[in-house]
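Numbered from 1 within each chain, the chains take letters A, B, ... in sequence-line order.
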2 protein chains.
Amino acid sequence: MDKTAFLSQAEQHCLRLGNRLTALRRQVLELVLGYPGVVKAYQVLADLQKERGVAAPPTVYRALDFLVENGLLHRVEALNGFIVCEHFDCPHEGLILVCARCGGVTELDATGPMAALRDASAAAGFAVAPQNLVLTGTCQSCQA
Amino acid sequence: MDKTAFLSQAEQHCLRLGNRLTALRRQVLELVLGYPGVVKAYQVLADLQKERGVAAPPTVYRALDFLVENGLLHRVEALNGFIVCEHFDCPHEGLILVCARCGGVTELDATGPMAALRDASAAAGFAVAPQNLVLTGTCQSCQA
DNA sequence: CTGGTGATGTTATAGGATAACATTCAACTC
DNA sequence: GAGTTGAATGTTATCCTATAACATCACCAG
Ligand SMILES: [Zn+2]
Ligand SMILES: [Zn+2]
Ligand SMILES: [Zn+2]
Ligand SMILES: [Zn+2]
């Protein structure tokens, strides 16, 4: 999907959820889209400052939080970063693989393994909520 | 296992790995043991300062890193915290279940499910690094 | 116009982690 | 015992990440 189409669909997606993809939020999403993999909040902030002149942390954090809440981004806790979700329109439990060396990201279907995790947790009385799984490691091209 | 026995076994465990559980490291481990769930580095730092008078962040971070490397603690990335590993003597990867309602934490051995995830990822050319899995959900007592 | 609501701007600070260098300690050699 | 070496710890400073608190603005309904 090309960038323009993605942004357009993202806007529709937000509307369906009853939220607005404002100019600022759209700009932030566009900046994140400019990276192949994981982006950090302060990186986006720096980019935003180049385009707008001024911007403070809360500006970018609020936009990023909005995008995460609306399913357009995933937060990668282990790396203090964010990645674009390529298929925000279909509800999914993705397996997100993040390369620790190049920052590249791959999403796999993890239905089977997730079910196994859910079963193991249920046996301990714990109800696992729907969520994405983020694993770090090394991608194919970074394996020496 | 009671605290003294745990510390004693932890010391033996480190020795087997060719490392030393020094007084400082032991003290930090003891402080973490004092908490039922997730502890943060700066909380440990504060405790350490109460007991020693002075202590700086690197002191506690180095000790925590050592304990993680030796399998006595797990780092919970998503929460910027650490938990004690109750079964450090058998190699495993933790499945850490965090209750969204009460904040309680349970650790399961996720070696099996992790192997499944690793296989699925390997099929995509991705080498998953050893790590803990953090899942959110609802614990038994919080399920109404 | 006016009040209310959501979004954004602004300032300041809290919270988490590490770099770089100095010092001390334990163990091993001579 | 003195000297040497590498690991561990102390110390200072700084960077990165994230949010609190409050002010302002844009928009729309009444
Ligand atoms: Zn996704
Ligand atoms: Zn890579
Ligand atoms: Zn464990
Ligand atoms: Zn609970």
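- Residues from residues 25-36 of chain B placing a heavy atom under 4.0 Å of any atom in DNA chain C do not occur.
- Every residue two or more places apart in sequence or in another chain that forms a side chain to side chain contact (heavy atoms under 4.5 Å, CB included) with B:Pro58 is listed here: B:Ala56, B:Arg62.
- Using a 4.5 Å heavy-atom cutoff, the side chains of B:Arg52 and B:Leu24 are in contact.
- Atom CD in B:Glu51 sits about 16 Å away from atom P in D:dT9, given to the nearest Å.
- At a threshold of 4.5 Å between non-hydrogen side-chain atoms, the residues B:Glu86 and B:Glu107 do not count as touching.
- Contact annotation: B:Thr59 does not reach the phosphate of D:dT9 (side-chain N/O to OP1 or OP2, under 4.0 Å).
- Counting heavy atoms from C-beta on, the side chains of B:Leu133 and A:Leu135 come closer than 4.5 Å.
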Restricting to nitrogen or oxygen on both sides, can you table the protein-nucleotides 11-18 of chain C pairs closer than 3.5 Å?
unit_1	atom_1	unit_2	atom_2	d
C:dG16	OP1	B:Lys40	NZ	3.1
C:dG16	N7	B:Tyr42	OH	3.4
C:dA17	OP1	B:Arg75	NH2	3.2
C:dA17	OP2	B:Tyr61	OH	2.8
C:dA17	O5'	B:Tyr61	OH	3.3
C:dA17	N7	B:Tyr42	OH	2.8
C:dA17	N6	B:Tyr42	OH	3.4

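- Going from atom CG of A:Leu45 over to atom C1' of C:dT8 covers 14 Å, rounded to whole Å.
- A:Arg62 has its CZ atom 10 Å from the C1' atom of D:dT19, to the nearest Å.
- Note: CZ (B:Phe66) to P (D:dT9) measures 8 Å, nearest angstrom.
- Following rounding to the nearest Å, B:Asn19 (CG) and C:dA26 (C1') show an atom-to-atom distance of 15 Å.
- Annotation: side chain of A:Phe6 is in contact with side chain of A:Val84 (closest heavy-atom distance under 4.5 Å).
- We find that CD of A:Gln49 is positioned 13 Å from C1' of C:dG9, with the value rounded to whole Å.
- In this structure, the side chains of A:Ile96 and A:Ile83 come closer than 4.5 Å at one or more pairs of heavy atoms.
- Of all heavy-atom pairs spanning A:Ala127 and B:Gln143, the tightest one is N-NE2, 3.5 Å.
- The shortest side-chain heavy-atom distance between B:Val134 and B:Glu77 does not fall under the 4.5 Å cut-off.
- Contact annotation: the side chain of A:Cys14 approaches that of A:Leu72 to within less than 4.5 Å [non-hydrogen atoms, C-beta and beyond].
- One finds no side-chain N or O of A:Thr22 lying less than 4.0 angstrom from the OP1 or OP2 phosphate oxygen of C:dA7.
- For the pair A:Arg20 and A:Val54, both in contact range of DNA chain C, the more 5′-proximal nearest nucleotide belongs to A:Arg20.
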